[in-house]
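What follows is a short report on a single structure.
Fair warning: this is a prediction, and the values are worked out from it, not measured in the lab. All values below come from the heavy atoms of this structure, side chains included, with hydrogens, waters and symmetry mates left out.
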Number of protein chains: 2
Amino acid sequence: MTQSPWQPISPSKPVRPAKEPLNRERIVDTALRVMVDQGYEAVSMRKIAQELHTGPASLYAHVANKKELDQLLVDRAAQAMNLPSPPDPERWQEQLKEAMREMLRAMRTMPGVARAAIGAVPLGEAALRTTECLLGILKAGGLPDQAVAWAVDLIPLYVTAVAFEENVQRADEWSPEDIERFLDGLRSYFASLPADRFPLTMALAGPLTAGAAGDDRFEFGIAVITAGLASLAELH
Amino acid sequence: MTQSPWQPISPSKPVRPAKEPLNRERIVDTALRVMVDQGYEAVSMRKIAQELHTGPASLYAHVANKKELDQLLVDRAAQAMNLPSPPDPERWQEQLKEAMREMLRAMRTMPGVARAAIGAVPLGEAALRTTECLLGILKAGGLPDQAVAWAVDLIPLYVTAVAFEENVQRADEWSPEDIERFLDGLRSYFASLPADRFPLTMALAGPLTAGAAGDDRFEFGIAVITAGLASLAELH
DNA sequence: TCGAGCATAGAACAGTGTTCGTCAACGAAC
DNA sequence: GTTCGTTGACGAACACTGTTCTATGCTCGA
């Protein structure tokens, strides 16, 4: 601001940048940024408030509590999901697998969101959209209505549990090298067990520790679930 | 100690009951009792210490930290699991279902333990015993080794996620009446949605909200997983 | 008897979610 | 232009958390 030479010099005042008003979207945006940058455990009302240059109490005019903030994060993840559509009866099983891959992909772009999601009933508008897509795919597969309805509970439960597990390991800051070292230790541990106590565990130490760093385990899981649903579809 | 008649009578001292020394088992016992009585979120180092008439710092001579305490709780749950044995190739699928039911049953006797278990690699001795049993059942089913190994990751993941979800709902102190009310509200909510936005969700509102209070959803899930594994077994 | 080792436990540190009470800004009404 | 009510902002406070530091007491072996 240009100071008029005709105005008395006012007492010096620190120039405070005009502060953008708080709103729910900015709070959720900031929470998401903190979660991605520093992990789910770093997301606190104080940390979000600090990033927004305000006090923690200010947030409560826009969100009821921390749990509601969690739910808003979950809906952000759901917004990032683009499930296959329209449903195709000819390739519903492949669409189902693609849907699960897409759900995990979206959760991986917001590591830690599975911690907020697990155990919650997803009711956000975006979450309902994913539910609607899943229902379409499962209906296209010819499953009975009750099976369809319960499958849309099972599928996100599994995918969220996988994302949760991945995030716990990431939170412990396991690099691929750490994971490999952990698995080496696990192999040694298994090798040291009394052979007569855990014969199968010892015999399968290799396969038990395989595929931790890749997507093979997840692909196996989605194949099992899809095959299971397909076999139930065949019964009707 | 017998007081010598030649000693002056000492000033009166509050009689402190002899305190049982702390050990890991007592700490875990107490944590478990707090968790069952008051829920997982009530389990804190201070609360456990208070129950044991000591200070929170005392616990750290016996457990490394809260996370290790969690793992000890998980192993307690594993100790309570009695999986079907020996494996029977003639009825391996039924045994697998029984194993999953038994795992959920054991977790239900320690509500909240799924919160500690989810995301963790179970390495306790009791957990290894359940792994060994599962491996036996899956081998009896004729699955290839890699599938067997990944299935023993998938199965506890699913069961733990179910137990976690149940406990979150229980922690919110949902009585069966609350659940029914919630489902009524969900049905109304679904009914109020634009019909053209979520047609399948609306059409399936009944099945979507059915079976929440019972075991039907869980039975469906274990049927899907078992059928999926069986169909993979048939491919080999 | 003495010193080492270990467990105990209060105090302190650095944080958490949430509520209370006060203040300022703003819009409506007069 | 003034007054009043509403709303959001936000520091202070409350009640709690996990964990470490440090002093103390007990036990046991030399």
Could you state the [atom1]-[atom2] distance from [X] to [N], rounded to the nearest angstrom?
X	N	atom1	atom2	answer
B/Lys47	D/dA15	NZ	C1'	13 Å
B/Asp70	D/dT17	CG	C1'	14 Å
B/Glu41	D/dC16	CD	P	15 Å
B/Leu59	D/dT20	CG	P	13 Å
A/Glu20	D/dA9	CD	C1'	15 Å
A/His62	D/dC10	NE2	P	9 Å
B/Glu68	D/dG18	CD	C1'	14 Å
B/Leu22	C/dT8	CG	P	4 Å

**Item:** Cation-aromatic face contact A/Lys47/A/Tyr40, 6.0 Å, 45 degrees
**Value:**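 Verdict for A/Tyr40: no cation-pi partner in A/Lys47.
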
**Request:** Determine: side-chain N/O of A/Ser44 to OP1/OP2 of C/dT16, distance under 4.0 Å, yes or no.
**Result:**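 So the side chain of A/Ser44 is within the cut-off, an N or O lying under 4.0 Å from OP1 or OP2 of C/dT16.
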
Among the nucleotides [options], which one has an atom lying closest to any side-chain atom of [X]?
X	options	value
B/Ala61	C/dA7, C/dC13, C/dT18	C/dA7
A/Tyr60	C/dT18, D/dG8, C/dA7	C/dT18
A/Ser58	D/dG18, D/dA9, C/dT18	D/dA9
A/Ala57	D/dG8, D/dG11, D/dT19	D/dG11
A/Met45	D/dG8, C/dT18, D/dT19	C/dT18

**Message:** Ignoring hydrogens and geometry beyond distance, is the side chain of A/Arg46 in donor-acceptor contact with the base of C/dG15 at under 3.5 Å?
**Reply:**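 No such pair is found, so the answer is no.
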
Inspect the contact between [Y] and [X] and indicate whether a charged nitrogen and a carboxylate oxygen are less than 4.0 angstrom apart.
X	Y	answer
A/Arg108	A/Glu166	yes
A/Glu219	A/Arg101	yes
A/Arg197	B/Glu132	no

**Item:** Whichever of A/Ala64 and A/Ala42 has its nearest DNA chain C nucleotide further upstream toward 5'
**Value:**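 The residue closer to the strand's 5' end, by nearest nucleotide, is A/Ala42.
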
**Request:** Heavy atoms only: give me the nearest A/Leu135-A/Val152 pair and the separation to one decimal.
**Result:**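 Answer, listing the atom of A/Leu135 first, then A/Val152: CD2-CG1, 3.7 Å.
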
